[in-house]
K.L.:
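Just passing along the structure, written as structure tokens.
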There are 2 protein chains.
Amino acid sequence: MADNSNQSSNMGILIRSNLDQLTSKERIVARTLLNQYPTAGLCTIAALAEIANVSGPTVLRTIKKLGFKSYGNFQTMLRKELQLGFEAPLDRVNKSETSPNTDAPFVPYAEACLQNIGLANMSVNSNEFNAVISLIANENRPVFLLGGRFTDSLARYFYFHLHIIRPHVHIVPQQRETWPEVIYDLGVKDIIIVFDVRRYQRDVLLFCEQAKKRGSHIILFTDQWLSPIATIADHIFPMPTAVPSQWDSAVSTLVLLECIVAKLNERNHKSINARIKKLEALRQPLHSDLIGKEVP
Amino acid sequence: MADNSNQSSNMGILIRSNLDQLTSKERIVARTLLNQYPTAGLCTIAALAEIANVSGPTVLRTIKKLGFKSYGNFQTMLRKELQLGFEAPLDRVNKSETSPNTDAPFVPYAEACLQNIGLANMSVNSNEFNAVISLIANENRPVFLLGGRFTDSLARYFYFHLHIIRPHVHIVPQQRETWPEVIYDLGVKDIIIVFDVRRYQRDVLLFCEQAKKRGSHIILFTDQWLSPIATIADHIFPMPTAVPSQWDSAVSTLVLLECIVAKLNERNHKSINARIKKLEALRQPLHSDLIGKEVP
DNA sequence: ATTTTTTTGTAATATAAATTACAACAATAA
DNA sequence: TTATTGTTGTAATTTATATTACAAAAAAAT
């Protein structure tokens, strides 16, 4: 019975490495713990026993064999481990002086992004998604894009694609001095697409509050901690951003934006393609910057 | 008191949207729940009360005001939400396919992106990656970022992070009229980070050719069909871009950029954090955009 | 087959947690 | 100031949870 009660490494490793010292029923408990990580271990003993189809005391014996003083102690450890994974990037880096992973530097980061996209996949509500598509697809409703310090380039990326696809797409300029004019003209037909992640910007919130007062529709892209704009937004997309970095990731949001563009395009590709053709014709005389035209 | 006990959407949204109906102490409880998501809510009432510096009953009142039948009910909901986030992305996607999820429009696109990131993972050469990191980490070498029509926002995204991390980072302005001055001053110490995807822009190529003549180091991010700049670039990252859309995806490139930023940061996080602190201090007097400060 | 050892569950007990009732306190209005 | 309302904490109560003791059952050894 190893004393692991004070080590905070990894619950999964701990359980797995002690698996062979457990009896058959106890092993079922351990497997349940792994299979339904982390929530199984956060239930009561009775609930966990029920899931694993064993008795309460068997659960308790398992936990003790894994080296925990009590079930409560085990749960505390689990919670600590959990919190680490959920903590703000800054804290994370400082706490765990990361191991020098010299050889395959791209892998862990890419994996975290995969995870995030999967998460986004789950958290994006289909109805909300489709509602937003319909909203933006309506060319009679002007669209205004607004980003914060960290999200400006996302707003620009979306702007670039949207205003190829449809008319009346505008990006709210960075200079706040120009905002009053923009806000003054907003109305019930207008759609505000706003990006706001930590640290949330008060000025962006103020813009949205004014827009809301004028009846504009607000679509918010934010992080899992939710911008305060969430309280007034009509549609909210909380995107996962956790990666092994001091900085948050914008990847899952970009995936969603690209997907929205793809869907809009799909929805009325005929008129859009006609529009693109005309735009190209217009671009030609302005400057010819083509080199190796289309590639098969 | 809304009945949210059965909705499984997002705990964060729920809490934030009911924030204004709470009393001051109750709001502290709610903020603690958000700040230490998810573990605060998995503690006992007493423990949560301790963290928030309120009494047990205040915690309970908060939970009830948020629409939960009991504290246990609240915890069950939290656990359910948690479990969703911890399931492997693939399992999750498969699950949502089996259930009559009408049409999950996000899934195929997200899967294509996952594919692309995996591909990028394969194609990014570790040596090249590390060489580029070392290059950019050298603060004595000025960095110039240049993007095309489609990649401008990527260049900006990278610029935004790089110039927080280190000095002498510049973005080449969109207006070509200003380019001669930029090019004229380029030399062997300068690093050009250029983004060029189909349809490749002649002007961007011309810029790079001039830079090359002056001995500058060129790092190229392009698509799988390779920009003509590839023939003169010192480092080339061909990123996969195929998605079920009329437009190419920038997701895998963004992952790589973020990863580079993360690695640079890791490499000398001490000096960078000092730099960030000073930058923040400088920002403070300019505008104070803080809203929900830290909770004990 | 019988004993011994190990594993598991049942039921009782002790402990800890949630919940309730009520009183003190603070804020607001008359 | 005083009455009124709303907010918060204390202490009692109830509920449920973990833990223990012990016996039944299963497995292994003699």
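Lettering follows sequence order; numbering is per chain, from 1.
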K.L.:
Among the nucleotides D:dG9, C:dT19, C:dG9, which one has an atom lying closest to any side-chain atom of B:Ser70?
P.N.:
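Minimum distance to the B:Ser70 side chain belongs to C:dT19.
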K.L.:
Nearest to the side chain of B:Glu26 - D:dT17, C:dT19, D:dT8?
P.N.:
D:dT8
K.L.:
Which one, D:dT19, C:dG9, D:dT17, comes nearest to the side chain of A:Leu60?
P.N.:
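That would be D:dT19.
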K.L.:
Atom CD of A:Glu50 and atom P of C:dG9: how far apart are they, to the nearest Å?
P.N.:
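Taking atom P of C:dG9 as the reference, CD of A:Glu50 is at 13 Å.
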K.L.:
Tell me whether the OP1 or OP2 atom of D:dT7 has a side-chain N or O from B:Ser24 closer than 4.0 Å.
P.N.:
no
K.L.:
Go through C:dT10, D:dT19, C:dA18 for me and flag the one nearest to the A:Ser55 side chain.
P.N.:
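Ranking C:dT10, D:dT19, C:dA18 by closest atom to the A:Ser55 side chain puts C:dT10 first.
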K.L.:
Would you confirm whether A:Thr62, through its side chain, and A:Thr58, through its main-chain N or O, come within 3.5 Å as a donor-acceptor pair?
P.N.:
yes
K.L.:
How close or far is atom P of D:dT7 from atom CZ of B:Arg27, stated in whole angstroms?
P.N.:
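Taking atom P of D:dT7 as the reference, CZ of B:Arg27 is at 10 Å.
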K.L.:
Check whether the side chains of A:Ser216 and A:Asp190 place a donor and an acceptor atom closer than 3.5 Å, and report yes or no.
P.N.:
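Judged by distance alone, the side chains do not pair up.
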K.L.:
Rounded to the nearest Å, what distance is computed from the CD1 atom of residue B:Ile63 to the P atom of nucleotide C:dA18?
P.N.:
11 Å
K.L.:
Under 4.0 Å: is that the gap between some side-chain N or O of B:Lys64 and OP1 or OP2 of C:dT20?
P.N.:
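For C:dT20, OP1 or OP2 has a side-chain N or O of B:Lys64 closer than 4.0 Å.
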K.L.:
B:Phe68 CZ to C:dT19 C1': how many Å, rounded?
P.N.:
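Atom-to-atom, B:Phe68 to C:dT19, this comes out as 18 Å.
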K.L.:
Send over the distance from A:Ile28 CD1 to C:dG9 P, rounded to a whole Å.
P.N.:
9 Å
K.L.:
Picking from D:dT19, C:dT8, C:dT19, which would you name as closest to the side chain of A:Thr23?
P.N.:
C:dT8
K.L.:
Indicate yes or no: does A:Lys212 engage A:Asp234 in a salt bridge with an N to O separation below 4.0 Å.
P.N.:
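Yes.
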K.L.:
Nearest to the side chain of B:Pro57, heavy atoms from C-beta on, is which of C:dT8, D:dT7, D:dA11?
P.N.:
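For the B:Pro57 side chain, the nearest candidate turns out to be D:dA11.
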K.L.:
Tell me whether the side-chain N/O atoms of A:Thr58 come closer than 4.0 Å to OP1 or OP2 in C:dG9.
P.N.:
yes
K.L.:
Are a donor atom and an acceptor atom from the side chains of A:Thr39 and A:Gln36 found within less than 3.5 Å of each other?
P.N.:
no
K.L.:
In terms of ring plane angle, is the pair A:Phe237 and A:Phe221 parallel, tilted or perpendicular, where the classes change at 30° and 60°?
P.N.:
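The arrangement is parallel - the two ring planes meet at less than 30°.
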K.L.:
Taking only the side-chain heavy atoms of B:Lys25 (C-beta and beyond), determine which of D:dT8, C:dT8, C:dG9 contains the nearest atom.
P.N.:
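Of the options given, the side chain of B:Lys25 lies nearest D:dT8.
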K.L.:
How many whole angstroms separate atom CG of A:Leu48 from atom P of D:dT19?
P.N.:
13 Å
K.L.:
Can you check the B:Gln21 CD to D:dT7 P distance for me, whole Å?
P.N.:
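The distance from CD of B:Gln21 to P of D:dT7 comes to 12 Å, rounded to the nearest Å.
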K.L.:
Given atom CZ of A:Arg61 and atom C1' of C:dT6, what is their separation to the nearest angstrom?
P.N.:
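Roughly 11 Å, once rounded to whole Å.
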